Amino acid sequence: MSIANTIQKNVITALSALHQQNFTEKDFQINQTKPEFEGDYTIVMFSLVKSLRQSPDAIGNQLGEYLLNTYPALFSKFNIIKGFLNLSVTDTFWTDLLQKNYGNSCFGKKEKNGKKVMVEYSSPNTNKPLHLGHLRNNFLGWSVAEIYKANGYDVIKSCIVNDRGIHICKSMIAWQKYANGATPQSTGIKGDHLVGDYYVKFEGDLKAQSQILINKINLADLCDFSGPALEKLDKLLIALTKLDEIKDEEKIAKLHDEIKEIARNNTSVMAEAKQMLLDWEEGKPEVIELWKKMNGWVYEGFDVTYKRIGSDFDKIYYESNTYLLGKYIVQQGLDKKVFFKKEDGSIWIDLTADGLDEKLVQRKDGTSVYITQDIGLALQKYEEYKIDSSIYVIGNEQNYHMKVLQLICQKLGMPNAENIAHLSYGMVELTTGKMKSREGTVVDADDLVDEMIATSQKHTEELGKVKDFTPEELKDLYDTIGLGAMKFYLLRVDPKKTMVFNPEESIDFHGFTGPFVQYTHARIKSILRKEPLSNNQQPLANSNLLKLEKEVIVMLEQYPDAIEQACSEHNPSVIAMYVFNLAKTFNSFYTEHSIANAETADKKQLRLQLAVMTANALKSGMELLGIRVPERM
RNA sequence: GACUUGGUAGCUCAGCUGGAUAGAGCAUCAGCCUUCUAAGCUGAGGGUCAUUGGUUCGAAUCCAAUCCAGGUCACCA
């Protein structure tokens, strides 16, 4: 139990004893004392004034006296200022804490609790390489999985690969047309990038073709269209002439977008892609073969990237396998009357009672939609692993989709359906605006990793502190620092918030950054190499703590809380901030007081323990973020 | 339009289950390396916590309204 909780409990006991009534933790607040006042923890008296009908100072005095007398090992003194009771914790408490835990590299982590949780993250499409947004997803997913482990859960990291669908066909079409049989081997281009290049090529063709159509539409030439598309176009054009008079620019833009969408769907390249998707579903051998071949290239490329950034999975699901199961479950749900069928044969679920709409779960032609396979996969996860809860790391643009999925699972009576959690994270924007793959304004993951590692190399060489490293050691160090900087930069922000990616800032190695924390760790290790902590230690005789020494221990005491909070909030930034603050606190102590040349032998021992425990916590915390810490840098 | 998330220093972000004079980092300015790694430390300047009203002993934090920005509302994934 944390010291804050202990104090809270003691105050409850004290108040109940003093006033003969029951109190709970909601009756008062406990905070860390502000630095400008004397004390460690502060109890706010005001909330007690009404029920006790005494002045804040009177209540505080009684309470302070009682606590001091009852818990002399914990409290050394108190003062009351303007209704705030400031309690000082004894130095013995802090030194005991240090002595007990300094060598425990698992400090802050919990015992196994027997619960199983699955974290699904990454979820790439196999038509293009990973970009900055995927990195945020991967780092978050991996870190949350580790944080759960630290809280005693068994964790299964999973990934659903979206390996099927029209987007894949687009790359395949363009490759057939333009590649002349080019392969990653023949071109030397990484597989996922090669496939991505043809996806871009397809989009280029699509844009050119649809522009021709749009130009004709603007001249009122609709001879390329027929059927429902023609009808809709007619309506849109009529609506547009009306709006032109009103001059509502937003609506006009919306209508133009709709026209653009119709034009895109009427191009010949799009028709080819759609045909290929049909062929794929029918299992046409040459299409399947091409699909396997190109997906294979992408997987090879992904493997390289995943390995570099340290993402791994215990279980990989493929959409091409799961979508059929989804359809089967929809059929079952239909029998159970969870779903209903419309006259045209499409299958729906009615969520109006839950404040949502009716939602399609299967098309009238019997093919599955996005959510169909998610339903199947959700059940498969439970049956395969008997998990207690399931976390989905997915962007916040899919909040609605996830809400629907959760409701459907509940209505289907899936076990633990209420334990489906959506770790919804915000988009990564650039200082120049949003990333759009169609417009080529994405930051490629591989490029970014290269750049970060190159920068860390440059900095390291300039500082020249590790000239004796072997080439292998150097490479490892550059990776550790470059990736550390990048991961820390993306994880230090609250996941649910949209964040801005500033290239210059992300590459910074000073201040609130990964390398800052790594550096602090390396510096401690350097001391410990020269001044190892001896094994035969005496209990400390003099336990008077200096201000900066105590600050470090106080920070260390909060590590278990940080791990717990990060887990309950699904928020690695809690750890990032904690680890940064700990490093900062230690650095202040470090510059002010010498460890090797401490005033007395006792002080030296205490400070060495302090250093050991700080290094352990920094290492452990950074590992929860997926960041390694070097012994030297 | 409906629903939803956000608006805190020049920039990027903490703080939001109400508490004392609103905090970091970057950037700017001024200091600190013959002693444990200066990727560090110390200090200064920088704020109408979007706006208005309410609740209360006390509001950046809770409530309401307004303004601004993002997202969703597809037989796309």
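Below, all heavy atoms of this structure are taken into account, side chains as well, without hydrogens, waters or symmetry copies. Each chain gets a letter, A, B and so on, in the order its sequence line appears, and its residues count up from 1. It should be emphasised that the depicted structure is a prediction, and the values quoted were computed from it without experimental measurement.
- For the pair A/Lys530 and A/Tyr400, both in contact range of RNA chain B, the more 5′-proximal nearest nucleotide belongs to A/Lys530.
- Residue A/Asp344 has its side chain nearest to B/C75 when only B/G19, B/C75, B/A20 are considered.
- Nucleic acid contact class of A/Glu319 (heavy atoms, under 4.0 Å, all strands): sugar-phosphate only.
- Listed nucleotides: B/A77, B/A20, B/C16. Nearest to the side chain of A/Thr33: B/A20.
- With B/U21, B/C75, B/C11 as the candidates, the nucleotide lying closest to the side chain of A/Glu505 is B/C11.
- Comparing B/U12, B/C75, B/C16 against the side chain of A/Val500 picks out B/U12 as the nearest.
- Base engagement by A/Tyr519 is indicated by at least one non-hydrogen atom pair under 4.0 Å involving a base atom.
- B/A64 is paired with B/U52 under the Watson-Crick or G-U wobble criterion, all donor-acceptor distances under 3.5 Å.
- If you run ring pair (Phe, Tyr, Trp, His ring centres under 6.0 Å) between A/Tyr489 and each of A/Phe139, A/Phe501, A/Phe580, only A/Phe501 comes through.
- Judged by distance alone, the side chains of A/Asp40 and A/Thr33 never bring a donor and an acceptor atom under 3.5 Å apart.
- Across all strands, A/Asp508 comes closer than 4.0 Å only to sugar-phosphate atoms, never to a base (heavy-atom distances).
- Close to B/G25, at under 4.0 Å from its OP1 or OP2, lies a side-chain N or O of A/Lys584.
- Counting atom types as modelled, A/Asn502 pairs no side-chain N or O with a base atom of B/C11 as donor and acceptor under 3.5 Å.
- Using a 4.0 Å heavy-atom criterion, one finds that A/His521 contacts no nucleic acid atom at all.
- Within the 4.0 angstrom heavy-atom criterion, no nucleotide atom of any strand lies near A/Asn31.
- Atoms CD1 (A/Ile527) and P (B/U35) sit 14 Å apart, rounded to a whole Å.
- Looking at heavy-atom distances under 4.0 Å, A/Phe516 makes contact with sugar-phosphate atoms alone, never a base.
- Atom CZ of A/Arg529 is surrounded by more than 12 heavy atoms from other residues, nucleotides or ligands within 6.0 Å.
- Backbone-only engagement by A/Ser588 is indicated by non-hydrogen atom pairs under 4.0 Å involving sugar-phosphate atoms exclusively.
- Sequence order on RNA chain B of the closest nucleotides to A/Tyr370 and A/Tyr489 puts A/Tyr489 first from the 5' end.
- Contacts of A/Thr431 with the nucleic acid, taken as non-hydrogen atoms under 4.0 Å apart, are absent.
- Nucleic acid contact for A/Leu356: none, since no nucleic acid atom lies under 4.0 Å from a heavy atom of the residue.
- Residue-to-nucleotide contacts include no donor-acceptor pair under 3.5 Å from the side chain of A/Thr591 to the base of B/A38.
- Across all strands shown, B/G46 forms no Watson-Crick or G-U wobble pair with both distances under 3.5 Å.
- Within 4.0 Å of A/Glu397, counting heavy atoms only, lie sugar-phosphate atoms of the nucleic acid but no base atom.
- The base of B/A20 is paired with the side chain of A/Asn86 by a donor and an acceptor separated by under 3.5 Å.
- For B/G7, one of the phosphate oxygens OP1 or OP2 lies less than 4.0 angstrom from a side-chain nitrogen or oxygen of A/Lys497.
- As judged by a 4.0 angstrom heavy-atom cut-off over every strand, A/Asn581 is placed among residues making no nucleic acid contact.
- Within the 4.0 Å cut-off from OP1 or OP2 of B/A74, not a single side-chain nitrogen or oxygen of A/Arg363 is found.
- With hydrogens and angles left out, the side-chain atoms of A/Asn295 and A/Thr126 include a donor and acceptor closer than 3.5 Å.
- Within the 4.0 angstrom heavy-atom criterion, no nucleotide atom of any strand lies near A/Ser573.
- In this structure, A/Val44 reaches the bases: a heavy-atom distance under 4.0 Å links it to at least one base atom across the strands shown.
- Stacking between A/Phe37 and the base of B/A20 is present: ring centres sit under 5.5 Å apart and the planes differ by under 30 degrees.
- For A/Val493, taking side-chain heavy atoms from C-beta onward, the closest of the listed nucleotides B/C13, B/A77, B/C36 is B/C13.
- If you check every strand for non-hydrogen atoms under 4.0 Å, A/Phe580 touches sugar and phosphate atoms only.
- A donor-acceptor contact under 3.5 angstrom links the side chains of A/Asp344 and A/Ser346, judged on distance only.
- For A/Ala522, taking side-chain heavy atoms from C-beta onward, the closest of the listed nucleotides B/C41, B/U21, B/U37 is B/U37.
- Side chain of A/Gln398, nearest nucleotide from B/C75, B/A77, B/A20: B/A77.
- In this structure B/C3 sits in a base pair with B/G71, meeting the Watson-Crick or G-U test at under 3.5 Å.
- For the pair A/Phe84 and B/A20, the ring geometry qualifies as stacking, because the centroid separation is below 5.5 Å while the planes lie within an angle under 30°.
- Between the side chains of A/His167 and A/Asn162, no donor-acceptor pair of N or O atoms lies under 3.5 Å.
- In the set B/G19, B/C75, B/U12, B/U12 carries the atom at the smallest distance from any side-chain atom of A/Arg492.
- For A/Met499, the side-chain atoms get nearest to B/C13 when compared with the rest of B/G19, B/C75, B/C13.
- Taking only side-chain nitrogens and oxygens, A/His510 comes nearer than 4.0 Å to OP1 or OP2 of B/G40.
- Judged purely by distance below 3.5 Å, without hydrogens or angles, the side chains of A/Tyr323 and A/Glu281 never pair a donor atom with an acceptor atom.
- No side-chain donor-acceptor contact under 3.5 Å links A/Thr513 and A/Asp508.
- Applying the 90° criterion around 0 to the glycosidic angle, B/C16 comes out anti.
- Note that A/Arg136 lies outside the cation-pi zone of A/Tyr425, set by a 6.0 Å cut-off to the ring centre and a 45° limit from the axis.
- In terms of phosphate contacts, A/Asn399 brings no side-chain nitrogen or oxygen within less than 4.0 Å of OP1 or OP2 of B/U4.
- Side-chain atoms of A/Val369 lie closest to B/A77 of the nucleotides B/G71, B/A77, B/C36.
- Pairing for B/G19 goes to B/C57, judged as Watson-Crick or G-U wobble with the two contacts each under 3.5 Å.
- Using a 4.0 Å cut-off, no side-chain N or O of A/Arg523 falls inside it from OP1 or OP2 of B/C41.
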